[in-house]
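Data block below; observations after.
Every chain is numbered from 1 and lettered A, B, ... according to where its sequence line falls, protein lines coming before strand lines.
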2 protein chains.
Amino acid sequence: MKDVETTIEKFRQTGLKITPQRISIFNLLKDDREHPSAEDIYKRVLKIHPSISFTTVYKTLQTLRDMDEIRELSINPERVHYDPATDDHIHTFCTVCRNIEDFMPDHSCEYLELASSKINGFHVQSAEVYLTGICEDCSV
Amino acid sequence: MKDVETTIEKFRQTGLKITPQRISIFNLLKDDREHPSAEDIYKRVLKIHPSISFTTVYKTLQTLRDMDEIRELSINPERVHYDPATDDHIHTFCTVCRNIEDFMPDHSCEYLELASSKINGFHVQSAEVYLTGICEDCSV
DNA sequence: TTCTCTGCAAATCGTTTGCAGTAAA
DNA sequence: TTTACTGCAAACGATTTGCAGAGAA
């Protein structure tokens with residue numbers, strides 16, 4: 001997601017409708033660096049739209065994912081998390097606090113750059129690097 | 001998993017018991033390059049032990065994973081797959097045929113080598129590189 | 001008006017667990 | 001004999017779906 005306006009425009013161009021619920025979800029996602037789960041986002045949108053359903057959040061996330069506006073992270077075996085950041089970076093998952101964090105390599109990652117390219121006949125649509133372990137705060 | 005004998009020895013040393021069911025599971029896993037799911041393994045062991053339960057297969061896989069004898073792959077959002085290969089390699093997942101395949105980089109992958117090391121205070125226990133897309137056979 | 005979205009309620013399904021009987025050591 | 005394993009059956013919980021009414025275009 002670059003910015004909410006661009007996402008809205010993309011929705012309109014695809015014939016999708018812009019609803020207050022969706023705008024709120026876009027806004028919440030835009031500045032999020034916490035890699036929220038669908039449930040996380042649902043709980044936060046509830047404060048703005050007290051009657052929104054989990055289904056609406058869920059379906060909007062699916063749509064955003066299908067449009068490549070957000071990335072779906074499978075690093076936590078318990079649930080899916082979402083990442084609105086589009087730049088190349090890898091993710092760490094702490095098995096103690098169960099937090100997902102970004103890790104920016106000092107030099108670009110050759111694998112992350114494979115997205116949209118072809119290697120050995122395989123057409124890469126998305127590339128993920130996951131590091132699982134224990135974060136600094138948890139390894140006292 | 002290097003070989004079944006070593007795995008058996010490792011089980012014995014940990015006070016775990018060796019059962020016919022487990023030996024069959026070890027043998028099936030050892031030569032597998034198909035990245036089977038728990039269900040896949042269950043179906044295959046059924047031919048050898050017609051009364052084995054899914055629970056037994058499931059718990060044995062958990063144990064093998066905890067002992068770092070096999071890797072758990074979260075590349076397919078539908079279910080977990082297992083990989084007995086311990087060498088560094090990355091995985092591709094075709095969203096059409098839903099097959100997982102190995103991809104050996106011609107030069108070593110810096111991220112896969114992070115396992116058991118520490119970066120920015122994060123103690124890496126396992127490192128995975130996942131490429132999702134469409135395989136050669138499916139992109140006709 | 002048309003077509004998509006929303007919200008509810010229920011289904012789905014891979015995964016996980018408790019427990020009693022069985023078997024390895 | 002002791003301790004772990006097996007198999008059953010049920011629970012769990014994130015995810016997914018069908019549908020009727022609401023709302024965007």
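- Across all strands, B/Ser51 comes closer than 4.0 Å only to sugar-phosphate atoms, never to a base (heavy-atom distances).
- Relative ring orientation between B/Phe54 and B/Tyr58 is described as parallel, the plane-to-plane angle staying below 30° on a 0-90° scale split at 30° and 60°.
- In this structure, the nucleotide among C/dC3, D/dT3, C/dT6 sitting nearest to the side chain of B/Lys17 is D/dT3.
- Residue order along DNA chain C, read from the 5' end via each residue's closest nucleotide, puts A/Thr60 first among B/Ala38 and A/Thr60.
- Using modelled atom types, one finds no donor on one side chain facing an acceptor on the other under 3.5 Å when comparing B/Gln21 with B/Thr56.
- The distance from atom CD of B/Glu78 to atom P of D/dG13 is 22 Å, rounded to the nearest whole Å.
- Here A/Gln62 does not reach the OP1 or OP2 of D/dT15: none of its side-chain N or O atoms lies under 4.0 Å away.
- Of the possible donor and acceptor atoms, none in the side chain of A/Asn120 sits under 3.5 Å from a partner among the backbone N and O of A/Phe122.
- The interatomic distance linking B/His49 (NE2) with D/dC5 (C1') rounds to 13 Å, in whole Å.
- Going from atom CZ of A/Arg79 over to atom C1' of C/dT16 covers 15 Å, rounded to whole Å.
- Here B/Thr55 lies in heavy-atom contact (under 4.0 Å) with a base.
- When rounded to the nearest whole Å, the span between CZ of A/Arg22 and C1' of C/dT4 equals 8 Å.
- Among the heavy atoms of the strands lying under 4.0 Å from A/Pro20 are primed sugar atoms or P, OP1, OP2 only; no base atom is included.
- Residue-to-nucleotide contacts include no donor-acceptor pair under 3.5 Å from the side chain of A/Lys59 to the base of C/dC5.
- The residue among A/Leu16 and B/His81 whose nearest nucleotide of DNA chain C is located toward the 5' end is A/Leu16.
- Atom pair B/Tyr58:OH and C/dG18:C1' shows a separation of 14 Å (rounding to whole Å applied).
- Proximity of B/Thr56 to the phosphate of D/dG7: a side-chain N or O atom is located under 4.0 Å from OP1 or OP2.
- Taking the six-membered ring for Trp and the full ring otherwise, the centers of B/Tyr130 and A/Tyr130 sit less than 6.0 Å from each other.
- Of the possible polar contacts, one joining the A/His81 side chain to the A/His35 backbone as a donor-acceptor pair under 3.5 Å is found.
- Straight-line distance from the CZ atom of A/Phe11 to the P atom of D/dA25: 12 Å, rounded to whole Å.
- Nucleotide D/dA24 holds its C1' atom 11 Å from the CD atom of A/Gln21, rounded to whole Å.
- At whole-Å resolution of the value, CZ in B/Phe54 and P in C/dT17 are 13 Å apart.
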